[in-house]
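Both counts, for ligands and for their atoms, begin at 1 and track the order of listing.
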Amino acid sequence: MGINILGMGRYLPEQTITNADFEKFVETDDEWIRTRTGISERRMAGWEPSWYMGSEAAKQAVERAGINPEEIGVVICCTITSDFLTPSMASIIQHNIGAKNAMAFDLNAACTGFVYGVDTAKRFLDTDENMKYALVVSTEALSRFVDFEDRGSCILFGDGSAAAVIEKSDKIYSSYLASDGSGAEFLMARSLNVAPEIAVDNGYEDPFSWTKMHKLMQNGKEVYKFATSALPKAFEKAAEKIGVTKDDISWFIPHQANVRIIETAAKKLGVSMDKFIVTLDKFGNTSSASIPMAMVDAIENGTLKRGQKIALIGFGAGLTYGGIVLEY
Ligand code: UT7
């Protein structure tokens with residue numbers, strides 16, 4: 001059994017932060033950021049909550065899907081930037097959109113979140129014959145978690161949200177989800193209740209002072225190296241399960257982290273960059289929201305059409321990675 005993506009929605013915060021804006025508080029410049037990352041600008045939520053952005057994206061997805069929200073059986077919210085430790089963003093979104101018959105929970109697979117979320121939703125649809133629709137929402141307010149003193153990371157991230165209503169179908173579908181926790185320390189944000197000495201005792205370096213609590217820290221080079229192998233592998237592993245080849249794929253929609261990562265992955269796969277959807281220039285890296293935000297872009301501008309086979313491929317903190325091959 002496969003899935004049909006019935007409708008998708010997106011919410012973009014109004015405020016745009018350009019590369020030039022970063023020049024005011026870190027030693028950087030537009031040219032470095034554009035040539036090293038492919039990013040020109042990104043959106044910033046300010047104090048708009050993650051749940052608000054997610055609810056708006058979800059409402060649009062439900063409207064475009066043309067369904068009654070009461071028929072949604074599960075709301076999965078993919079996020080690493082929840083407004084609360086508890087309750088989940090998913091429960092709040094469920095209430096805001098009137099999905100009153102749905103179960104709801106958050107899923108943290110970092111930037112691979114949407115890939116994990118869609119696959120998890122499919123498993124619910126597969127195993128519950130009474131479940132008609134699933135809603136997967138990715139919502140991220142990364143600007144509240146980046147360290148604006150760290151020029152190597154703060155320039156990368158942006159905010160935004162996107163959502164998809166999914167139903168069962170007999171279209172082709174395959175997935176491959178993976179994690180390599182040995183790379184956990186390459187990309188992390190410490191929570192309030194983990195003392196540095198405990199982190200150190202458990203084998204993690206302690207790169208933060210207490211003032212950097214909650215801030216995203218990364219070893220850019222290690223993440224880069226991981227990503228350039230993880231993306232091609234995620235596609236190949238998912239595709240081989242159903243005998244799909246790269247030539248069958250109309251569009252590769254990768255996690256939007258760095259255009260050089262995407263170019264290297266494309267080269268390793270032997271696929272032209274023309275087949276990759278890239279929205280990095282205008283949205284930066286929005287973690288779990290980057291793949292569905294790029295999908296909505298491609299749908300709205302007519303690039304992504306019904307009947308086309310696509311590959312969603314992601315990687316992120318964990319280190320997680322994964323791919324889905326499906327027909328749109
Ligand atoms: O969702 C996953 C999230 N994370 C990622 O995807 C990160 C993956 N990694 C990357 O995208 C890249 O490693 C970065 C964009 C983070 C860095 O690019 P790079 O080409 O690996 O640069 P680098 O770390 O090798 O740094 C080169 C130079 C350094 O200066 P020195 O030591 O050569 O004098 C950095 O200090 O560039 C400097 N630099 C900057 N210069 C201007 C680092 N950040 C900046 C900056 N502006 N914003």
Quiz item: So which of R36, K221, R260 gets nearest to atom 27 (C) of ligand 1, if we judge by its closest heavy atom?
Solution: R36

Quiz item: To which protein heavy atom is atom 5 (C) of ligand 1 closest, and what is the distance rounded to 0.1 Å?
Solution: Q218 OE1, 3.4 Å

Quiz item: In terms of hydrophobic clustering (I, L, V, M, F, W, Y; side-chain heavy atoms under 4.5 Å; direct or indirect links), are F252 and V278 co-clustered?
Solution: yes

Exercise. Using distance alone, determine whether H255 and ligand 1 share an N or O pair under 3.5 Å.
Key: yes

Practice problem: Could you tell me whether ligand 1 has any atom less than 4.0 Å away from a heavy atom of F22? | Solution: no

Exercise. I would like to know whether K282 and E41 meet salt bridge (charged side-chain N to carboxylate O under 4.0 Å, His left out); could you show each step before the answer?
Key: CA-CA 5 Å; K282 46 188 184 183; E41 56 186 42; over 6 Å; no

Quiz prompt | Top protein contact for atom 47 (N) of ligand 1, by heavy-atom distance | solution = T28 OG1, 2.6 Å

Quiz item: Is there a nitrogen or oxygen of T37 sitting under 3.5 Å from a nitrogen or oxygen of ligand 1?
Solution: no

Practice problem: Considering heavy atoms of the protein only, find what lies nearest to atom 3 (C) of ligand 1 and give residue, atom and distance to 0.1 Å. | Solution: N285 ND2, 3.5 Å

Quiz item: So, does G316 sit close enough to ligand 1 that a heavy atom of it is under 4.0 Å from the ligand?
Solution: no

Exercise. Examine ligand 1 and decide if any of its atoms is less than 4.0 Å from a heavy atom belonging to A227.
Key: no

Quiz item: Do you see a protein non-hydrogen atom under 4.0 Å from atom 22 (O) of ligand 1?
Solution: yes

Self-check item: Stepwise ring pair (Phe, Tyr, Trp, His ring centres under 6.0 Å) check, F157 with F145
Solution: CA-CA 10 Å; F157 297 101; F145 293 83; over 10 Å; no

Exercise. Tell me which protein heavy atom sits closest to atom 11 (O) of ligand 1, plus the residue, atom name and distance to 0.1 Å.
Key: N258 ND2, 2.8 Å

Self-check item: Protein contact to atom 17 (C) of ligand 1 [nearest heavy atom, distance to 0.1 Å]
Solution: W32 CH2, 4.0 Å

Quiz item: Would you say R64's side chain and L6's backbone share a donor-acceptor pair under 3.5 angstrom?
Solution: no

Self-check item: Aromatic ring pairing F124/F105, orientation class (parallel under 30°, perpendicular over 60°, tilted between)
Solution: tilted

Quiz item: In ligand 1, which numbered atoms sit nearer than 4.0 Å to a non-hydrogen atom of A257?
Solution: 6 (O)

Quiz item: Any nitrogen or oxygen of G220, main chain or side chain, under 3.5 Å from a nitrogen or oxygen of ligand 1?
Solution: yes

Quiz item: Does R10 come within less than 4.0 Å of D297, counting only side-chain N to carboxylate O?
Solution: yes

Quiz item: For atom 38 (C) of ligand 1, which protein heavy atom lies nearest, and how many Å away is it?
Solution: R151 NH2, 3.6 Å

